[in-house]
Number of protein chains: 2
Amino acid sequence: MVKLISLYMNLKKHSSTESNILNAAKEIFERKGMAAARMQEIADEAGINKAMLHYYYRSKQLLFEAVFKKAFSTLAPQLNDIINADNSLFDKIKNFTHNYITFIIKHPYLPNFIIQELNRNPEFIEKQLSNKLPNIEKFRNQIENAVKDGHIRPIKAEHLFINIIALNIFPFIASPLLKGFLKVDKTTFKELMEERKTEVVDFILNSIKIK
Amino acid sequence: MVKLISLYMNLKKHSSTESNILNAAKEIFERKGMAAARMQEIADEAGINKAMLHYYYRSKQLLFEAVFKKAFSTLAPQLNDIINADNSLFDKIKNFTHNYITFIIKHPYLPNFIIQELNRNPEFIEKQLSNKLPNIEKFRNQIENAVKDGHIRPIKAEHLFINIIALNIFPFIASPLLKGFLKVDKTTFKELMEERKTEVVDFILNSIKIK
DNA sequence: ACGTTTGTTAACTAAATGGTTAAACTAATT
DNA sequence: AATTAGTTTAACCATTTAGTTAACAAACGT
């Protein structure tokens with residue numbers, strides 16, 4: 001019994017520090033990127049000694065990879081679930097748009113972080129993340145069938161897929177630029193993003209539906 | 001006369017080194033970003049001594065700002081010209097799509113560079129670039145009139161503007177991610193980007209045109 | 001209770017990096 | 001030929017930063 005309790009205490013201490021580090025690292029890496037992030041700043045954010053980062057994660061690179069994989073693992077399975085759900089193409093587009101915009105509003109740094117670091121290190125996606133990539137075959141078939149059955153105009157699955165993701169994610173990645181171009185403040189921009197939950201769906205469906 | 005020639009020679013030497021530095025800095029900053037770029041690497045790329053970077057540009061920050069402003073100044077006026085041209089809304093969309101995709105294929109690091117650094121430093125766009133921002137008022141009026149006249153379905157100018165930019169630029173920013181998702185290689189991806197010169201126009205016009 | 005393992009810290013180290021300097025070089029001027 | 005001004009370089013400096021270490025603390029097994 002004592003054994004169990006002490007084991008539990010240790011485990012708790014251990015994993016609490018370890019996950020504190022991971023959370024702090026997530027904050028700093030997402031805000032600043034791998035290159036600009038400082039190990040000391042992560043330690044400060046976690047409220048612990050810098051040596052602990054190395055004790056639990058060995059190096060900055062490995063800590064970064066742990067953060068990155070976790071970030072990727074929160075985004076990719078969601079995408080996978082949506083596009084492989086057992087519903088219609090139109091419902092998938094509605095779900096994707098609504099769920100993803102809602103999710104990203106809560107985690108605004110995430111998409112930019114992932115895209116940024118993948119650009120600096122494109123091999124990473126094959127070497128480390130290939131098992132986490134969503135499977136789009138079902139979605140592709142669904143699009144091809146919809147074209148064949150005359151429900152939507154002819155369009156390559158690849159392009160429709162790219163378009164859906166672009167319309168949903170780009171505004172969050174490019175928000176400083178778009179705010180500048182459109183001359184709108186933070187609040188107005190947020191309202192625009194809320195509107196997009198329906199606007200993007202309309203835009204896509206209007207484009208592909210045969211009326 | 002001799003005076004003129006020597007002045008010219010001096011000027012040429014001066015400005016050639018200065019622009020060599022700027023070009024080298026552009027390469028490195030665009031590939032690696034401000035934080036990961038190294039002054040020594042820029043000097044090596046330019047084939048000169050590192051002290052020259054400081055001789056001509058004082059500091060890394062100022063060199064970076066010179067590069068960034070130049071990059072921004074190649075993208076923004078193009079956008080401005082297209083959306084303020086004296087032609088129809090549909091032609092603008094066609095021109096924008098075709099010209100921008102062509103341009104970005106030649107400068108693949110540019111959009112990502114700009115968006116990335118603006119995310120790390122959002123004040124920059126107001127403090128340093130406000131005079132270089134394109135004016136979208138004419139474009140906005142054109143959209144509003146097209147809605148009023150029943151040429152296109154009702155859509156906020158902001159959303160249409162965001163959608164056009166998103167569909168055109170996002171695939172280049174997110175290319176490593178999209179290559180991974182779609183499981184296509186570099187060559188196939190390039191072909192897809194070529195196709196988008198017409199595909200994106202079709203997608204947008206199909207969405208907004210009233211048939 | 002007592003040695004052992006695990007977790008934590010402050011101080012330290014080595015390397016990298018932005019920036020400086022003083023001397024050398026170039027080319028025009030007188 | 002001597003002077004001057006701008007340009008370029010090698011060597012140097014100060015600081016930052018990832019990573020280590022050695023000593024200390026806490027929790028564990030027996």
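In what follows, chains are A, B, ... by sequence order, proteins preceding strands, each numbered from 1.
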Revision key, fill the gap. Going 5' to 3' through nucleotides 14-19 of chain C and flagging B where a protein heavy-atom sits under 4.0 Å of the base, S where only the sugar-phosphate is that close, and - otherwise, we get ---SBB
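The aromatic rings of F181(B) and F72(A) sit tilted relative to each other, their planes meeting at an angle between 30° and 60°. Ring-plane geometry between F203(B) and F203(A) is classed as tilted, the angle between the planes lying from 30 to 60 degrees on a 0 to 90 degree scale.
What separates CE of M52(B) from P of dA10(D) is a distance of 12 Å, to the nearest Å. Atom OH of Y56(B) and atom C1' of dT20(C) are 17 Å apart (whole Å). When rounded to the nearest whole Å, the span between CD of E41(A) and P of dT16(D) equals 14 Å. With rounding to whole Å, L53(A) atom CG is found 12 Å from dT8(C) atom P. Between N49(B) atom CG and dC12(D) atom P there is a gap of 14 Å when expressed in whole angstrom units.
Listed pair T17(B) / dT8(D) meets the phosphate criterion, a side-chain N or O lying under 4.0 Å from OP1 or OP2. Side-chain nitrogen and oxygen atoms of Y55(B) include none within less than 4.0 Å of the OP1 or OP2 phosphate oxygen of dT21(C).
For K179(A), there are no salt bridge (Lys or Arg N to Asp or Glu O under 4.0 Å) partners two or more places apart in sequence or in a different chain. Partners of E126(B) under the salt bridge (Lys or Arg N to Asp or Glu O under 4.0 Å) rule, at least two apart in sequence or in another chain, do not exist in this structure.
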Practice item. List the steps and the verdict of salt bridge (charged side-chain N to carboxylate O under 4.0 Å, His left out) for R140(B) and E137(B). Key: CA-CA 5 Å; R140(B) 185 202 303 275; E137(B) 285 316 306; 3.2 Å; yes
Exercise for review: Check the pair E45(B), N23(B) against side-chain contact (heavy atoms from CB on, under 4.5 Å), reporting the backbone distance first and the verdict last.
Suggested key: CA-CA 9 Å; E45(B) 173 87 20; N23(B) 290 336; over 6 Å; no
